[in-house]
Amino acid sequence: MDKLNSYKLGPDQNGRFGIFGGRFVAETLMPLILDLEKSYQQAKKDDSFQSELAYLNKYYTGRPSPLYFAERLTDYLKTAKIYFKRDELNHTGSHKINNCLGQILLAKRMGKTRIIAETGAGQHGVAVATVSARFGLPCVIYMGAKDIERQKPNVFRMKLLGAEVVPVRSGNATLKDAMNEALRDWVANVNDTFYIIGTVAGPHPYPEMVRDFQSIIGKETKEQILDQEGRLPDQLIACIGGGSNAMGLFYPFLDDISVKITGIEAGGMGLQGEKHCASLTAGRPGVLHGNRTYLLQDDEGQIIEGHSISAGLDYPGIGPEHAWLKESGRVEYFAITDSEAVEAFKICTKTEGIIPALEPSHAIAHLINIAPNLSKNDLVVMNLCGRGDKDIFTIAEHLNMEI
Amino acid sequence: MTVRIDNCFETLKLTNKKALITFLTAGDPNYDLSLELIKSLPEAGADIIEIGMPFSDPMADGPAIQASSLRAINSGHKMEKTFEMIESFRKDNSHTPIILMGYFNPIYNYGVDSFIKKIIDIEVDGVIVVDLPPEEDNELCNAIESADLSFIRLVTPTTNADRLNKILQKTSGFLYYVSIAGITGSKRPEINEVETAVQEIKTKTNIPIGVGFGIRTKEDIERVGSFADGVIVGSVLVDIIKNNEHESSVKDKIMKKVREFASAV
Ligand SMILES: Cc1ncc(COP(=O)(O)O)c(C=O)c1O
């Protein structure tokens with residue numbers, strides 16, 4: 001591993017990125033996962049699959065999303081030239097749709113007739129419910145009972161779209177438990193069901209597949225920045241829950257060594273205690289949900305429930321490719337606290353007239369923190385991967401405001 | 001040691017009996033009662049004892065065993081305490097095979113080498129790790145087998161012929177046939193289908209076959225015992241703890257159930 005020619009070769013045939021990734025699943029699921037891998041590898045090479053996906057990305061989602069020069073934020077920070085990759089403008093309001101369209105086309109191709117998914121913030125759940133409606137497939141969304149409480153608008157959207165939203169009360173009743181429950185559903189419904197995982201985690205081939213579907217973000221960004229600025233950016237910044245919007249932006253740039261790449265985790269109430277979700281900055285390697293990666297866990301290897309003001313970042317693990325990118329040194333990871341994220345949310349809203357989701361507000365906060373160290377000639381791209389409509393209640397609560 | 005499990009099945013065979021394999025989670029509902037329960041299982045008729053190592057995220061388990069893991073974790077249970085329980089059990093019982101069952105993360109966290117050293121030391125006979133399929137044999141299975149312990153494999157209704165052959169190449173102790181596509185303690189198995197599957201596996205191997213997942217009654221046990229070499233019960237026992245957690249009668253109720261089941265194999 002020391003003499004790398006490329007950072008883009010993973011995963012290997014066993015689904016590994018270095019020691020990370022893999023297929024840590026029960027035997028019942030193993031044949032399904034192998035089947036999925038085979039079908040995905042065929043679809044990946046199939047022009048008709050790719051062109052159907054490209055068509056939907058363009059006409060259904062509204063891609064390409066603009067690469068927008070955030071002029072007022074740039075002026076405000078008096079620093080590098082800041083660009084936003086505007087994936088919050090996508091149909092359904094976040095990057096999650098990029099992956100869901102890819103996976104539902106694959107589900108159709110494999111003859112599956114029932115869709116299941118987990119969701120935390122509800123953005124992935126909404127995207128799954130949306131594509132399920134679009135393709136006429138019944139879908140069941142597992143969502144932690146606590147998340148159902150704090151993300152009511154998204155729960156309602158999913159129901160309107162025809163999804164059955166199942167509250168998960170086991171464990172701590174948040175995203176990781178929803179993922180356990182979705183895996184349990186899959187084990188019990190092996191013949192007809194396709195599980196659309198919402199991030200670059202889970203057993204192989206999910207981390208690779210989700211990354212590939214999300215890479216459209218980075219591919220577009222590269223073309224757009226070359227077109228608009230005539231050169232590559234100096235830095236990329238994206239927030240990280242499971243890591244899919246970040247992998248999508250980063251992947252096409254991994255071998256462009258001049259581009260500094262930075263991932264931002266949820267620091268919650270600070271990294272000292274347990275009230276954060278910074279698996280890479282404050283966790284250690286372990287095995288959960290089918291892969292080896294960095295996890296929040298106690299001395300006994302029991303998984304710790306993290307905390308973040310942003311339900312979409314509230315996951316105790318992280319995609320295995322990020323774990324590998326961290327150890328290889330190619331990508332740097334930092335954590336941002338709840339309060340810093342809310343402050344950045346306010347600044348972005350007021351300077352740009354864009355209400356960002358709380359997740360990318362973490363990335364904006366990092367940008368604000370590093371602004372003094374950047375030079376005016378630097379180009380920085382921040383992935384604005386979701387819009388903040390869903391978060392207004394959380395923000396109001398945090399700021400003690402009434403709606 | 002693999003030999004303790006082999007002896008168990010051979011001895012039972014001589015009297016035309018099948019193995020009753022019981023599962024309880026270590027530390028459920030607390031250390032003392034859990035140890036007492038485990039110590040009493042053999043005299044109530046359990047031939048092999050499976051001890052669950054609690055994990056916060058048991059993705060192949062239904063509500064009964066999830067709750068049982070949480071009870072144990074919340075009572076302050078730790079891996080070292082599971083080992084202590086087994087040491088204590090072995091002081092008065094040297095013949096009943098003990099199988100540790102669980103998920104990989106707590107083992108990985110403990111350290112694979114230290115884990116193996118420890119379980120050899122305290123005379124565990126085999127392990128079942130739910131989330132280690134043959135594709136991940138390098139993680140633990142290979143080292144377990146070199147240490148002359150059994151790595152007990154799961155075969156499920158989704159396992160096709162190709163995979164079955166691969167699994168059979170590397171399994172010891174017994175083969176665990178999972179009688180449903182699903183999680184523990186959920187659906188009841190279609191016993192006719194299970195029989196067909198078990199008979200098919202028997203044409204390919206002489207290794208004993210234990211059947212588990214969803215088996216809850218004496219009648220199921222009788223039927224499964226008529227074609228399999230062992231019957232595994234878990235959720236039905238763990239449910240007794242849940243329903244009687246604060247009562248002194250938990251032990252009596254569990255032992256009564258185990259005796260009833262033992263009379264059926
Ligand atoms: C807007 C938004 N950004 C980010 C995330 C985190 O996921 P990931 O790290 O996979 O992009 C979510 C998850 O719900 C989200 O809704």
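Note that the structure is predicted; figures quoted are calculated from it, not measured. Below, read A as the first sequence line, B as the second, and so on, with proteins coming before strands; counting in each chain starts at 1.
- Atoms CE and CG, from Met59(B) and Leu183(A) in turn, are 6.0 Å apart once rounded to the nearest 0.5 Å.
- Of the possible polar contacts, none joining the Thr158(B) side chain to the Pro31(A) backbone as a donor-acceptor pair under 3.5 Å is found.
- Atom NZ of Lys275(A) sits in a sparse spot, with 12 or fewer heavy atoms from other residues, nucleotides or ligands closer than 6.0 Å.
- Between the CG atom in Asn160(B) and the CE atom in Met30(A) there is a gap of 11.0 Å [rounded to 0.5 Å].
- Heavy-atom distances place the backbone of Asp298(A), and not its side chain, under 4.5 Å from chain B.
- Heavy atoms closer than 4.5 Å to chain B are found in the backbone of Asp299(A), but not in its side chain.
- The two atoms that bring Ala60(B) and Ala26(A) nearest to each other are CB-CB, 4.5 Å, heavy atoms only.
- Closest approach of Pro54(B) to Gln302(A), counting heavy atoms only: O-NE2, 3.0 Å.
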Pair Glu139(B)-Arg16(A), salt bridge (charged side-chain N to carboxylate O under 4.0 Å, His left out): steps then yes or no: CA-CA 13 Å; Glu139(B) 296 289 334; Arg16(A) 296 297 180 106; 2.8 Å; yes
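- Annotation: maximal heavy-atom pairing with chain A below 4.5 Å, among Ile167(B), Thr159(B), Leu70(B), Val155(B), occurs at Thr159(B).
- When Arg153(B), Lys187(B), Lys78(B) are compared by the number of non-hydrogen pairs under 4.5 Å with chain A, Lys78(B) comes out ahead.
- Heavy atoms of Asp162(B) lying under 4.5 Å from chain A are absent altogether.
- Side-chain contact check for Pro134(B) versus Glu27(A): some heavy-atom pair is nearer than 4.5 Å.
- For Ile73(B), the part lying under 4.5 angstrom from a heavy atom of chain A is the side chain only.
- With sequence neighbours excluded, no residue forms a salt bridge (charged side-chain N to carboxylate O under 4.0 Å, His left out) with Asp177(A).
- Every residue two or more places apart in sequence or in another chain that forms a salt bridge (charged side-chain N to carboxylate O under 4.0 Å, His left out) with Glu135(B) is listed here: Arg163(B), Lys166(B).
- Interface remark: Pro285(A) contributes backbone and side-chain atoms alike to the contact with chain B (heavy atom separation under 4.5 Å).
- In this structure, the portion of Leu34(A) lying under 4.5 Å from any heavy atom of chain B is its side chain and not its backbone.
- A distance-only check finds a donor-acceptor pair linking the side chain of Glu300(A) to the backbone of Met79(B) [under 3.5 Å].
- When all heavy atoms of Tyr108(B) and Arg292(A) are compared, the pair lying nearest together is CE1-NH1, 3.0 Å.
- Applying the 6.0 Å contact sphere to CZ of Arg169(A) captures no more than 12 heavy atoms from other residues, nucleotides or ligands.
- Only the side chain of Leu288(A) comes within less than 4.5 Å of a heavy atom in chain B; its backbone stays farther off.
- The parts of Pro58(B) that come within reach of chain A are both its backbone and its side chain, each placing non-hydrogen atoms under 4.5 angstrom from that chain.
- Heavy-atom minimum distance, Pro133(B) versus Val25(A): CD-O, 3.2 Å.
- Neither the backbone nor the side chain of Ile33(A) comes within contact range of chain B, judged by heavy atoms closer than 4.5 Å.
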Working for side chain to side chain donor-acceptor pair (under 3.5 Å), residues Asn105(B) and Gln297(A): CA-CA 10 Å; Asn105(B) 198 52; Gln297(A) 51 185 325; 2.9 Å; yes
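- Contact count versus chain B (heavy atoms, under 4.5 Å) is highest, among Leu295(A), Asp185(A), Val187(A), for Val187(A).
- Within 6.0 Å of CD in Glu274(A) there are 12 or fewer heavy atoms belonging to other residues, nucleotides or ligands.
- There is no contact between Tyr110(B) and chain A, counting heavy-atom distances below 4.5 Å.
- Taking Ile107(B), Leu154(B), Asp131(B), Val130(B) one by one and counting their heavy-atom pairs under 4.5 Å with chain A, the maximum is reached by Asp131(B).
- No side-chain donor-acceptor contact under 3.5 Å links Arg184(A) to the backbone of Ile183(B).
- Contacts of Ile180(B) with chain A are absent, with no heavy-atom separation under 4.5 Å from either backbone or side chain.
- Within the 4.5 Å cutoff, side-chain heavy atoms of Ile303(A) are placed close to those of Asp57(B).
- By the 6.0 Å contact criterion, NZ on Lys38(A) is open, its count of non-hydrogen atoms from other residues, nucleotides or ligands being 12 or less.
- Taking every heavy atom of both residues into account, Phe104(B) and Val287(A) meet most closely at CD2-CG2, 3.7 Å.
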